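As the structure is a computational prediction, the values presented were derived from the model and not from experiment.
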Amino acid sequence: GVVTTPLALLRAFQQLLERMEANARSATTGMLRDGMRGCVVSGSGVAGQVRDLPVAGKTGTGSARGRTHQNGWFLSYAPADAPLYTMVTFVEHGSGGAQAAPAAAAVWQALGEQRAFG
């Protein structure tokens, strides 16, 4: 019964990334980094891949309170090895891997084309 909003989810994700940065050498941080990178490289978030930009993240699906449909989300950050940006992509009546991850990839691609990563 966890209730949240996409923006609250994004803030929690940002806090997790801050803790990971503060504890960069811990085994837990290594597992989290590997898992979130793996999600995009070969897991449920593979549709979030962007050519020449390593993206890491986590997909998810949940239902709205009092509703029967599912909503998809994808929390992601880039570049995966030195995060500069975080993003939450939310798709009502969708899934994280099938709809939210490709929507995020389009935004990451546009940011890359605008040279947002240097």
Inset, instruction - With rounding to the nearest 0.5 Å, note down the distance linking CZ in R19 to CD in Q14. - result: 14.0 Å
Inset, instruction - With the side chain counted from C-beta on, respond yes when L17 and Q15 share a heavy-atom pair under 4.5 Å apart, and no when they do not. - result: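 With C-beta onward as the side chain, the pair stays apart.
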Inset, instruction - Please assess F117 against Y85 for the test ring pair (Phe, Tyr, Trp, His ring centres under 6.0 Å), listing each intermediate value before the final yes or no. - result: CA-CA 9 Å; F117 301 100; Y85 301 100; 5.4 Å; yes
Between [X] and [Y], what is the shortest heavy-atom contact and its length?
X   : Y   : value
Y77 : T86 : CB-CG2, 4.0 Å
A56 : A80 : CB-CB, 3.9 Å
V88 : P6  : CG1-O, 3.7 Å
S95 : Q99 : N-OE1, 2.6 Å

Inset, instruction - Using the side chain to side chain contact (heavy atoms under 4.5 Å, CB included) rule, take W73 and T61 through it: C-alpha gap first, then chi angles, then the decisive distance, then the call. - result: CA-CA 6 Å; W73 52 265; T61 305; 5.8 Å; no
Inset, instruction - Report yes or no: do V40 and L53 belong to one cluster of Ile/Leu/Val/Met/Phe/Trp/Tyr joined by side chain heavy-atom distances under 4.5 Å? - result: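 Linked, V40 and L53 end up in one cluster.
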Legend entry - NZ/NE/NH1/NH2 to OD/OE distance under 4.0 Å, E113 and R51: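 No, E113 and R51 are not salt-bridged.
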Inset, instruction - Decide if atom CD of E92 counts as having more than 12 heavy atoms of other residues, nucleotides or ligands within a radius under 6.0 Å. - result: yes
Legend entry - Pairs involving residues 30-45, ordered by first then second residue, that meet side-chain hydrogen bond (donor to acceptor under 3.5 Å, both in side chains) (sequence neighbours left out):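 The answer is S44-T59.
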